[in-house]
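These notes concern the structure reproduced below.
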Amino acid sequence: MVATVTNSNLDRLGHFSCLYQMCHFRNIRKLACLFAVACVLMGQSLADNQDFMEEFLKREYSLAKPYRGLGFSGSSQWDLMGTAMVTPDHVRLTPDLQSRQGAVWSRIPFYLRDWELKVHFKIHGLGKKNLNGDGLAIWLTKERMQNGPVFGNINQFTGLGIFVDTYPNADKYHDRSFPYVSMMLGNGSLSYDHDHDGRLSELGGCTAMARNAIYDTFLLVRYSKNRLTLMVDVDGKQDWKDCADITGVRLPLGYFFGASSATGDLSDNHDIISMKLYQLTVEKSPEEEEEEEVLIPSVDNMEYFQVEVQEEGMSGVQFFFTVLFSILGLGVLAVVGLMVYSRWKENRRKRFY
């Protein structure tokens, strides 16, 4: 009897095992199908978000370790300017000292239409928050190797400027936290308004706590199909944060990449660790391929990006003193007028005697 029950149980266990394997196999097939569908959907989503198919590092436009012969060798593709100096770990544009300017500029004009630039930088110093300055800039401009007031480069530049501004000059607005990353397109006559932190000409930007950060700090600039995108990664999450995304941007070819920095009464160390340029392969329509080259940088509907900065009105104290001095001035004029009139009357009376 025991043997019979045991054999029966074993047969049942065998059938259950077969059913379990079949069910398990069916579940695996379902999971595999779901996974395949998810991959297709994700692939389509990524394809929608990223128009390019591949990216290739272009070393002739890139700056990375080791910096052999940088700025000194005839074979180097970059020039140093001002206080910029090379160390084994970085290119220091300016030290943590007052009134310094430094820059590094590519020697090779740039002729790619679709590209991506990844910049690894570091800003650090001993000054407390808002007691440091001024920041650094990344450039793609017609001009190169010229000192000036815009983060160590000239004002009224022609091309693209990406600014990492660490000091708020326009304290009264309180509409953003610093450091602040922004971008501007210059046409040779448009000025960067330093007193208003570039608000009048800014295309877009975002706050990025990149100063004295405990993590590596990066920014990414992508230009493809007349679309300019700016992203940052400063919090160690290895995830790009959207900063600005502008369509209708027209950039000429043949400009130069560069990076510059400046300090004034306040200072910081401003370091470039790498600038890596990638060419993007992009599918374009015949109309996009035949698009005419532009000679001057521009943005479609540029008026949309103009920010109106209202001038600060007079305070109550200023108004009081203005009225007071106006009354005093009128009083002085009245007294002088009376004195002149009295003298004239006296002289006239003397003529009759």
Side-chain angles (χ1 to χ4, degrees), residues 57-108 110 116-129 131-141 144-148 150-154 161-167 179 181 208-221 232-236 238 256-278:
L57 178 66
K58 305 295 288 185
R59 297 188 182 279
E60 63 269 31
Y61 299 116
S62 298
L63 174 66
K65 294 186 283 189
Y67 315 106
R68 293 193 183 97
L70 177 61
F72 302 102
S73 171
S75 60
S76 174
Q77 292 153 348
W78 295 81
D79 285 319
L80 297 177
M81 186 178 70
T83 59
M85 61 177 294
V86 180
T87 75
D89 298 319
H90 53 254
V91 177
R92 175 152 294 171
L93 302 175
T94 56
D96 193 357
L97 297 171
Q98 294 178 335
S99 303
R100 300 291 191 271
Q101 288 190 358
V104 57
W105 285 96
S106 173
R107 294 176 178 175
I108 306 174
F110 185 67
E116 183 177 273
L117 178 67
K118 297 177 182 176
V119 182
H120 185 187
F121 66 97
K122 186 174 183 179
I123 300 175
H124 57 107
L126 300 177
K128 296 181 179 179
K129 182 176 175 60
L131 291 175
N132 57 278
D134 287 328
L136 60 81
I138 307 299
W139 304 97
L140 176 60
T141 56
R144 66 185 294 272
M145 299 290 288
Q146 298 185 45
N147 287 324
V150 184
F151 299 95
N153 193 24
I154 61 170
I162 309 293
F163 310 126
V164 185
D165 192 353
T166 58
Y167 181 76
V181 183
M209 297 303 174
R211 181 181 181 267
N212 282 344
I214 60 175
Y215 305 105
D216 288 339
T217 49
F218 302 87
L219 64 83
L220 181 145
V221 187
V232 295
D233 177 12
V234 298
D235 53 11
Q238 298 181 349
F256 297 90
F257 278 108
S260 68
S261 176
T263 63
D265 293 334
L266 304 174
S267 63
D268 257 338
N269 297 302
H270 299 93
D271 303 335
I272 295 293
I273 299 170
S274 67
M275 295 173 60
K276 296 182 179 180
L277 193 284
Y278 297 86

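Nothing here was measured: the structure is a model prediction, and the numbers come from that model.
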Worksheet item: Would you say Q98's side chain and D265's backbone share a donor-acceptor pair under 3.5 angstrom?
Response: yes
Practice prompt. State whether the side chain of S261 and the backbone N or O of G135 hold a donor-acceptor pair below 3.5 Å, judged by distance alone.
Written response: yes
Worksheet item: Taking all atoms of both residues into account, what is the closest heavy-atom pair of H270 and A262, and its distance?
Response: CE1-O, 4.2 Å
Discussion item. Against F121, only a single residue in L93, L136, D271, I138 fulfils side chain to side chain contact (heavy atoms under 4.5 Å, CB included); can you say which?
Written reply: L136
Item to complete: Could you tell me which non-hydrogen atom of S106 sits nearest to which non-hydrogen atom of I108, and how far apart they are?
Response: OG-N, 3.2 Å
Worksheet item: Which heavy atom in L70 sits nearest to a heavy atom in L80, and how many Å separate them?
Response: O-CD1, 3.9 Å
Worksheet item: Closest heavy-atom contact between G264 and D134?
Response: N-OD2, 3.8 Å
Worksheet item: Can you name the nearest heavy-atom pair linking K276 to A64, along with the distance?
Response: CE-CB, 4.2 Å
Worksheet, complete the sentence: Residues passing the salt bridge (Lys or Arg N to Asp or Glu O under 4.0 Å) test with K122, sequence neighbours excluded, are none
Worksheet item: Cation-pi between K118 and Y278: NZ/CZ under 6.0 Å from ring centre and within 45° of the ring axis?
Response: yes
Worksheet item: Rounded to the nearest 0.5 Å, how far apart are CG of D233 and CD of Q238?
Response: 7.0 Å
Worksheet item: Once the angle between the rings of W139 and F163 is folded into 0 to 90°, is it parallel (under 30°), tilted (30 to 60°) or perpendicular (over 60°)?
Response: perpendicular
Worksheet item: When you measure from the side chain of T87 to the backbone N and O of D89, does any donor-acceptor pair fall under 3.5 Å?
Response: yes
Fill in: Enclosure of L131 CG (heavy-atom neighbours >12, cutoff 6.0 Å)
yes
Discussion item. Any side-chain to backbone donor/acceptor pair from E116 onto L220? Under 3.5 Å, distance only.
Written reply: no
Worksheet item: If you take all heavy atoms of G69 and S76, which pair is closest and at what distance?
Response: O-CB, 3.2 Å
Fill in: Test side-chain hydrogen bond (donor to acceptor under 3.5 Å, both in side chains) applied to N132 and D96, D268, T263, the passing residue
D268
Worksheet item: Sequence neighbours excluded, which residues qualify as salt bridge (Lys or Arg N to Asp or Glu O under 4.0 Å) partners of R107?
Response: D79
Worksheet item: Is a side-chain donor or acceptor of H124 paired with a backbone partner of A213 at a separation under 3.5 angstrom?
Response: no
Worksheet entry | Selection residues 61-71 - residue pairs positive for side chain to side chain donor-acceptor pair (under 3.5 Å), sequence neighbours left out | none
Worksheet item: Is there side-chain contact between R100 and S267, with heavy atoms separated by less than 4.5 Å?
Response: no
Practice prompt. Could you tell me whether the side chain of S260 and the main chain of F151 form a donor-acceptor pair under 3.5 Å?
Written response: yes
Worksheet item: In Å and rounded to the nearest 0.5 Å, what is the NE2 to CD1 distance from H90 to I272?
Response: 11.0 Å
Worksheet item: Quick one: CG on L140 to CG on L117, what's the gap to the nearest 0.5 Å?
Response: 9.0 Å
Practice prompt. Would you indicate whether M145, at its atom CE, is surrounded by more than 12 heavy atoms from other residues, nucleotides or ligands within a distance under 6.0 Å?
Written response: yes
Fill in: Straight-line distance of H120 NE2 to L219 CG, nearest 0.5 Å
10.5 Å
Practice prompt. Nearest 0.5 Å please: distance from the CZ atom of R211 over to the CD1 atom of I123.
Written response: 9.0 Å
Discussion item. Any heavy-atom pair between the side chains of L277 and F110 that's under 4.5 Å?
Written reply: yes
Discussion item. For the CG atom of D235 and the CG atom of D216, what is their distance to the nearest 0.5 Å?
Written reply: 12.0 Å
